[in-house]
Protein chains: 2
Amino acid sequence: MTSKCKKGKGCLEDICGKQYSLDELEISTFEMKEKVEKKPGIELKNPNIAFDKEDILYHLALGNKSHDLTEMFGDVKFVCLGGTPHRMERFAYYILQEIGYKIPPGTALQDISTHSHRYALFKVGPVISVSHGMGIPSINILLHELIKLMFHAGVKDPIFFRLGTCGGLGLEPGTVVITTEALNGTLEPVHTIPILGKKVERPALLDKNLAEEIINLKESSDNFNIISGKTVCTDDFYEGQGRLDGAFCHFSEEDKYKYLNMAKEKGVTNIEMESLALAAITHHVGIKSAVICVTLLDRLKGDQINQTKKTLEEWQDRPMVIAARYIKKYLNEHIEVLAKVENKSKQKKSFPCPDCINIQKYKFDVREEDSESTSSKSSVTYKSSSENSTSSMKSDIGCVPGCSIVVSNVDYLQRVLDESNGFE
Amino acid sequence: MTSKCKKGKGCLEDICGKQYSLDELEISTFEMKEKVEKKPGIELKNPNIAFDKEDILYHLALGNKSHDLTEMFGDVKFVCLGGTPHRMERFAYYILQEIGYKIPPGTALQDISTHSHRYALFKVGPVISVSHGMGIPSINILLHELIKLMFHAGVKDPIFFRLGTCGGLGLEPGTVVITTEALNGTLEPVHTIPILGKKVERPALLDKNLAEEIINLKESSDNFNIISGKTVCTDDFYEGQGRLDGAFCHFSEEDKYKYLNMAKEKGVTNIEMESLALAAITHHVGIKSAVICVTLLDRLKGDQINQTKKTLEEWQDRPMVIAARYIKKYLNEHIEVLAKVENKSKQKKSFPCPDCINIQKYKFDVREEDSESTSSKSSVTYKSSSENSTSSMKSDIGCVPGCSIVVSNVDYLQRVLDESNGFE
């Protein structure tokens, strides 16, 4: 009847390292939740922002006094940013299906920041999917407010992904590029920002291990390549990226190719408009992040994006596919479950995972009568969240039969079930 | 039966300076239109863009081969840019009502660039209302593509307005500020952009006469002030504008106020994030432009925007009100009419204005039976475009009774009617 809590990253202190019974565990859950609600998450480098002082996240249309940010966002682990509201809504529904997150019949995902009219922000369990607009200033504002959101919500170790589009240098269009280093318009890995009238430079560094892990997610069946390289981040799409087709252009085709080839020789694989800020800001506050972009054209062959809409959409899905693979793998490896027990004679109960990373709302249904048959660890078929969908997915994430929501470390669940002779 | 064409700015050469009958005029209209369709508008400083060569305006989801840009945009005179799709749709409907532009019953304005998922672009007769997102890179891309659009559409002398929000320095929140000079984050009137790896500086100049004309549009009944001053344009909303409430902040409150007061002493009235690019780019291509912003807070008193949504919306309308005044005044002074004659025995006819600026689709209905009573020059009551609206507007723009679409120089119309004994 007891189980040892394994101290994991982000583990909630009050239940870690101690023996507990399921009953104790159950109580801990609510104690824990209470405590999380009053704890700040990620450490801010700003003494002016306090957990209990009003803070309006103006461009997200959220605030720590107007909203219960811990209740809304306390279970977040991944923050995925991309250019357009359209694409990030698409990603939200895609990740919903991929991780098997279930929303009640008759409901739909909603843009939480709709009243800001600036960014579109969707939440699917542990994943935020949010549009960042175009260019460094736009993603800058968003990053400040998302980081403050993580602080107010009690999220300690989020992982940020930018899922974007870019121009490639000598790459087959449709290639996915993982950024190893973000460079500014003069090819330095530095983000310069005037603060109180003086220029401040910050290194634009990304997490190398994370980039490597993502590269390794390539599957043999992929009909596209995944590579890594340096990314130039510019403040302009036309002149700033050496395009000949802006409203004005004062350089020759020869100058352009000389520049692009020089960049290529220095290890630059692609050009876009936001990576520098993502790298510099997340590095500055100690958040792990990665930039996953698909090339829409080869800039060594032209400037105009003239693929069909269908092709472009298919390509734009590729960074999403890779991010979803990472998220699923991560959840499988790191997250244990909060099981919600359906039992006629008792209220629904929940209990936390012993490896507890701060994802309390991640739960799935286990019917008592099914508890004997929860031995299957992998390749379980489960229903997608869309009831109308005829597709069923094979997953290597452990899952109990009949479970409509994914994720688990079934070893743990099995152990708990074995020890407790099932839930009561 | 004849009328002398007065040579005006943008006058179409083939009908200017010659005598013509109404019949001749009618023919000229179509000849003229044919010619306009094949003429480039604004002069581009880019030899690579040709009127007859394919050019995809990727972020607007438009192209000169996929769309008849002259047919769609040939009558544009004003390009109004603002941050959010929501606000610019709101402005589109507002200007529609203000200039009395009529759209068919059962239709609504449509975001022409909806498939780009990037900018929202509405068109109301001679006015484009388009969202630019946040920050210089975002408005940069848009300006390149709008300027190319003006080129392909045959528009020669458009006027660009940015209608925005900002932080004020020592101003009552809700004040409208017309920018005299745009400054970068180090308080220089210069837009710096790395091109092919080298920093290029361009002066960020705005049209002084236009700014003055706008200031003079203040009316005694306005419940807000309109002032002019220098505008600081930054690449960040938090540190870049000296805010203490970002995710990180490495300066003190004292440092902040020292900087803001120093800026104020140099003539800075407000801070926002796009004026520098608008000024530099429009100046570079010779387009008249102005920046009209409303202050949402006094930065000398705080950082957070904490007004009610209703108050913010009311304030955000103020730049629109001022821009609409300018547009109405301009149309009244510069545009003559294309009259569409309703006559059972004949096809509807149209003829161009003699002062013809390139606005051919600007027409209004004149019923033959009303032609005797077209002597009123001012303060004519006419229906707003919304049939359901109970409001009727008094206008000092000349208009014939019963006309449901505004604009005219009734002197000219009267003269034509007098000379022709009415339309037939």
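Chain identifiers are assigned alphabetically (A, B, ...) following the order of the sequence lines, protein sequences preceding nucleic acid strands; residue numbering begins at 1 within each chain. Just so you know, these numbers come straight off a predicted model, no measurement behind them.
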**OG on A:Ser131 to CZ on B:Arg118, rounded to 0.5 Å** =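 Separation between the atoms: 11.5 Å.
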**Proximity breakdown for B:Asp55 and chain A, heavy-atom pairs closer than 4.5 Å** =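 B:Asp55 touches chain A through backbone and side-chain heavy atoms alike.
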**Prompt:** chain A heavy atoms under 4.5 Å from B:Ile271: which part of the residue, side chain, backbone, both or neither?
**Reply:**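 For B:Ile271, there is no contact with chain A at all, as no heavy atom is under 4.5 Å.
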**Message:** Could you check whether B:His284 and A:His250 have their ring centres less than 6.0 Å apart?
**Reply:**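 Yes: the rings meet the under 6.0 Å criterion.
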Which one wins on heavy-atom pair count under 4.5 Å against chain A: [options]?
{"options": "B:Leu187, B:Asp236, B:Thr186", "value": "B:Asp236"}
{"options": "B:Glu145, B:Lys198, B:Glu239", "value": "B:Glu239"}
{"options": "B:Gly246, B:Gly133, B:Gly185", "value": "B:Gly246"}
{"options": "B:Ile281, B:Val232, B:Thr234", "value": "B:Ile281"}
{"options": "B:Gly197, B:Ala61, B:Pro47", "value": "B:Gly197"}
{"options": "B:Ala277, B:Gly135, B:Pro194, B:Gly83", "value": "B:Pro194"}

**Item:** Polar side chain donor-acceptor pair, B:Glu253 to A:Asn48, under 3.5 angstrom
**Value:**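 Side chains of B:Glu253 and A:Asn48: no pair found under 3.5 Å.
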**Prompt:** side-chain contact (heavy atoms from CB on, under 4.5 Å) with B:Thr192: which residues, sequence neighbours excluded?
**Reply:**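 Residues passing side-chain contact (heavy atoms from CB on, under 4.5 Å) with B:Thr192: B:Val190, B:Lys199, B:Glu201.
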**Item:** Per-residue contacts, residues 254-265 of chain A versus chain B, heavy atoms under 4.5 Å
**Value:**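 Result: A:Asp255, A:Lys256, A:Tyr259.
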**Message:** For B:Phe237 and A:His59, take the angle between the two ring planes, folded into 0 to 90°, and tell me which bin it lands in: parallel under 30, tilted 30 to 60, perpendicular over 60.
**Reply:**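 The arrangement is perpendicular - the two ring planes meet at more than 60°.
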**By side chain to side chain donor-acceptor pair (under 3.5 Å) - contacts of B:Glu54 (at least two apart)** =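 With neighbours one apart ignored, the set is empty.
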**Prompt:** Mind checking what makes ring pair (Phe, Tyr, Trp, His ring centres under 6.0 Å) contact with A:His67, not counting sequence neighbours?
**Reply:**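 A:His67: no ring pair (Phe, Tyr, Trp, His ring centres under 6.0 Å) contacts found.
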